[in-house]
Amino acid sequence: MQKGLYKYILLIQYSSQQTSSNVSYFADDPVTETLSQAIRGTGEELDREPDTGVLFGSLRGSVVGLRYYTGVVNKGEMVSLVRQPQNPYDRNAVMVANVYGSQVGHIKRELAVLLANIMDNNLARVEGVVPFGVTNQFTMSVVLSFWGREENRDAVVRQITSRSFKLQSGPTGTHTHTHTLTQLKNAFDNLFENLMDDKIGEREAVEAVCTPLLPHQKQALSWMCACENNAALPHFWEVKGELFYNTLTHSSVRERPRRVRGGILADDMGLGKTLTTIALILSNFHHGKPLCEPVSEKSSPEPKASTTARKNPEGKCVSHSSLSGKSLVSPVEAASSQSTDDPAARATLIICPLSVLSNWLDQLDQHVRADVKLNVYLYYGSERNRDTHFLSSQHMVLTTYNVLSADYSVSGGASPLHTVRWLRVVLDEGHIIRNPNTQQSKAVLKLNTQRRWILTGTPIQNNLRDLWMLVAFLRLKPFDVREWWNRVIQRPVTQGDKTGLQNLQALVKCVTLRRTKTSRVCGRPLVSLPERSVRIEEVELTQKEREEYELARTEGRTTISRYVAEGTVLRNYADVLAILVRLRQFCCHPGLLGKTTTHTGVVAVTPAELRERLIMKLRLVLGTGSDEECAVCLDSVRLPVITHCAHVYCRPCIAEVIRSEQEQARCPLCRGQIKASELVEFPLEEEEEEESNLLENWRSSSKVEALMSSLLRLRSEDDSIRSLVVSQFTRFLTILEIPLREEGFKFVRLDGTMSQKRRAQVIQEFQSDAPGSPLIMLLSLKAGGVGINLSAASRVFLMDPAWNPAAEDQCVDRCHRLGQKRDVVITKFIVKGSVEENMVKIQRQKQDLVEKAFGTKNPSERKTSRVDEIRALMEL
DNA sequence: ACCGCCGGGTGCC
DNA sequence: ACCGCCGGGTGCC
């Protein structure tokens with residue numbers, strides 16, 4: 001009710017302004033925003049399961065009062081229905097709005113009673129399509145279709161027939177071919193692949209960029225400039241007489257729709273997204289002209305590029321491009337950007353995770369000529385300058401997602417960064433904003449900017465919803481409003497509609513550039529990386545180790561086979577994981593077992609005891625660095641919490657489950673009852689005293705010996721080769737420090753517990769080629785997240801297999817990337833006849849399986865595969 | 001005629 | 001609205 005009221009106020013506000021003036025549909029004016037928000041609000045409420053709903057049927061109704069409103073609709077156009085519970089003439093009022101949010105009219109009174117009932121009780125989503133368009137100035141037909149959960153079908157049908165309306169079964173629209181789920185999965189997985197064709201020519205960066213761009217980077221620059229300057233109609237739009245017609249929503253507008261000024265640069269890590277973006281910023285200022293030029297043009301050495309710089313009439317340096325003509329801004333493009341550029345918008349805002357902030361500064365240093373006066377301001381730290389004039393006058397402002405969202409919530413939306421009119425906003429690692437419910441995402445959406453870019457190496461993990469946020473940020477009209485996204489893209493695609501998928505593919509294609517390390521242009525690889533080879537080194541346990549291992553294994557097998565027999569594997573999942581972790585630890589070094597107890601079971605006497613045990617389990621599941629996934633978002637667990645039934649989720653994910661299901665909230669894995677007050681999180685603490693313990697009672701292990709002999713051999717053969725030693729267990733890294741020191745190796749260590757500052761130091765130290773710099777980096781598998789560069793290393797020792805092979809690949813990618821000069825050799829240590837061998841087998845199977853199902857968050861499907869996995873691991 | 005029929009006034013929710 | 005609906009005028013054929 002409260003929310004309804006809010007919506008209504010927004011609408012009133014909107015209509016009063018709306019009738020007095022023509023709305024410019026494509027401007028980001030607050031009026032349009034307001035109504036979009038109102039509609040978006042409805043969308044979100046009904047959005048819980050936009051893809052699982054079934055069609056109950058449809059019926060013909062009429063829209064009345066057309067003459068009072070200005071919203072126009074065409075034949076076949078979709079309209080949105082918005083409840084107006086506070087309408088003074090009828091509390092059942094249902095407003096009809098077109099794709100751009102302009103009100104068209106109301107649903108006729110008798111029908112509105114019915115709709116109000118269905119909508120207010122959330123029995124179905126109601127969607128409207130106008131079959132004939134406007135035929136007179138008073139009323140028009142509308143076809144309403146009802147979508148909902150199967151269990152509500154009867155109620156909806158009853159409501160409709162009891163009010164003597166006739167529900168036609170089946171869709172009234174055209175039937176399209178459908179895909180099987182597998183076809184769909186494949187298509188979706190390939191959504192971001194093969195986007196490469198004819199994406200335009202190449203373009204040189206301006207002189208101010210001193211690093212020569214590689215061919216694929218020139219291509220990206222050319223594409224990005226075209227995206228920012230191009231005035232061509234966006235996809236799905238056609239000229240129809242005087243008007244512009246959208247082929248998906250069947251709507252048309254008088255004003256020329258603008259193409260999204262920006263897009264998604266989704267190149268693989270290491271292909272130089274940062275450099276390309278710097279080149280864009282310097283090369284494509286207002287009207288496609290360079291941002292700034294070297295100060296000392298005369299005294300500077302010969303230009304590095306083959307072609308010479310020219311002067312345009314204003315004396316500004318023009319891009320010394322290939323001059324083939326194809327890459328230069330055409331007069332038409334220039335004219336159009338001239339007419340729409342806001343001259344006050346001059347600065348580019350870069351938003352990135354803290355971990356890559358220093359990378360931006362480094363790269364600016366490295367790629368921008370020293371005599372170019374580029375004003376770059378780092379908007380970070382408590383002393384940051386919040387003056388908006390100051391910020392607006394910069395060439396670039398760098399900040400982090402955290403600073404942005406913190407400012408945003410403190411200022412109630414009027415933060416300095418939200419006040420500046422930006423020329424361009426760049427989201428680095430843009431997939432961070434894939435969840436629209438986070439503060440970060442909300443803050444990002446509210447930025448005022450002419451051009452928008454998303455840089456990401458992983459555009460979407462496994463869910464269409466993730467993509468919506470990116471589309472919304474880009475303001476890819478009209479899909480930035482959830483209802484249209486859901487109706488035109490999300491629902492059709494997840495229900496296997498072929499044209500829906502084609503539309504999605506076209507949509508992604510027109511805003512995305514993605515190349516992988518293996519992409520080829522004109523038959524040649526993008527970048528030539530050195531070879532990379534993987535060898536598995538089998539490790540034999542000693543007699544003593546084998547005995548200890550077998551003891552633990554037998555014990556574990558007994559417990560797990562009992563769970564399997566009882567069918568309670570998932571209920572005791574934390575225990576099962578604990579057993580597996582213990583076995584994996586045995587394979588590495590017995591000292592890893594630490595204070596884990598053999599006691600299992602969640603039955604505890606006191607709350608404090610229970611809490612202690614839950615925390616211990618949580619530590620086992622996560623503290624080891626193994627990549628556990630959250631059963632809600634199916635992604636790596638972030639902000640982990642453990643339920644009383646001992647299952648681990650992201651806090652926001654499980655909080656959302658509890659919020660939406662209230663008292664009936666159940667654990668998604670075991671269906672046990674869960675409460676918000678009973679979620680236990682990882683306490684931030686301790687555990688250092690044990691290190692001395694390790695030292696005093698030092699004993700080696702087969703795996704430690706295997707590593708050491710490799711390292712020693714390597715050093716004797718070539719002492720310039722640097723190595724990454726990777727483990728999921730940070731304690732194992734600690735153990736390895738002892739023999740490394742003993743043998744006189746200089747090493748550094750990088751793990752998840754270190755501050756950003758310390759990490760940057762360590763990376764710099766390792767990457768440095770100064771004499772006496774470390775030969776070895778001890779690295780925890782998940783440390784540092786994406787984007788760090790460890791190209792100084794060319795050997796990788798993976799000490800223990802990961803659940804998720806992608807995590808290993810990512811880790812290897814940190815050295816097998818641009819800048820790597822040597823062939824990369826990866827050694828995987830696997831203990832013979834152990835759980836590790838089985839893990840490798842499962843890794844292989846996983847890769848074959850199309851695991852990345854999306855939309856289908858079918859827990860039972862996943863459950864069986866998990867149980868099977870565990871049985872395979874334990875050879876049960 | 002406590003009807004039917006005609007034609008003018010009228011019009012979202 | 002080239003409708004439906006309302007309510008006043010009217011009334012054999």
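Small disclaimer: the values here were computed from a predicted structure and weren't measured. All chains are named by letter (A, B, ...) in the order of the sequence lines, taking the proteins before the strands, and each is independently numbered beginning at 1.
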Participant: Touch check for A:L66, heavy atoms < 4.0 angstrom, all strands: base, sugar-phosphate only, or nothing?
Facilitator: nothing
Participant: Got a donor-acceptor pair under 3.5 Å from the side chain of A:N87 to the base of B:dC13?
Facilitator: yes
Participant: From CD of A:Q137 over to P of C:dC2, roughly how many Å is that when rounded to an integer?
Facilitator: 10 Å
Participant: Just checking, A:R482 and A:W468: is the charged tip under 6.0 Å from the six-membered ring centre and within 45° of the axis?
Facilitator: yes
Participant: In whole Å, measure the gap between the P atoms of B:dA1 and B:dC5 for me.
Facilitator: 16 Å
Participant: Has A:F138 got its ring stacked on the base of B:dG11, with centres under 5.5 Å and planes less than 30° apart?
Facilitator: no
Participant: Tell me the closest heavy-atom pair linking A:A112 and A:V94, and the distance in Å.
Facilitator: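 Scanning both residues, the minimum pair turns out to be O-CG2, 4.1 Å.
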Participant: Is any NZ, NE, NH1 or NH2 atom of the basic residue among A:R149 and A:E151 found under 4.0 Å from an Asp or Glu carboxylate oxygen of the other?
Facilitator: yes
Participant: Over how many whole Å does the gap from A:M140 atom CE to C:dA1 atom P extend?
Facilitator: 15 Å
Participant: Quickly work out the A:Y69 OH to B:dG11 P distance and round it to whole Å.
Facilitator: 15 Å
Participant: When the distance from NZ of A:K108 to P of C:dG4 is rounded to whole Å, what number comes out?
Facilitator: 10 Å
Participant: Report the relative orientation of the aromatic rings in A:H106 and A:Y69; use parallel for angles under 30°, tilted for 30 to 60°, perpendicular for over 60°.
Facilitator: perpendicular
Participant: Write down the distance between CD (A:E110) and P (B:dC12), rounded to a whole number of angstrom.
Facilitator: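 Spelled out: CD on A:E110 to P on B:dC12 is 13 Å.
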Participant: Ignoring hydrogens, what is the shortest heavy-atom contact between A:A665 and A:V657? Give both atom names and the distance.
Facilitator: CB-O, 4.4 Å
Participant: For B:dC3 and C:dC12, measure between their C1' atoms and round to the nearest Å.
Facilitator: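 Roughly 15 Å separates the two C1' atoms.
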Participant: Whether A:R67 contacts B:dG11 is assessed here as follows: a side-chain N or O lying under 4.0 Å from the phosphate OP1 or OP2. Is that the case?
Facilitator: no
Participant: Could you check how far CZ of A:R109 sits from C1' of B:dC13, rounded to whole Å?
Facilitator: 6 Å
Participant: Tell me if the side-chain of A:Y68 makes a donor-acceptor pair with the base of B:dC13, cut-off 3.5 Å, by modelled atom types.
Facilitator: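 No, no donor-acceptor pair under 3.5 Å.
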Participant: Who is the Watson-Crick or G-U wobble partner of C:dG9, with both distances under 3.5 Å?
Facilitator: B:dC5
Participant: What do you reckon, do A:Y89 and the base of B:dC12 stack, with centroid distance below 5.5 Å and planes below 30°?
Facilitator: no
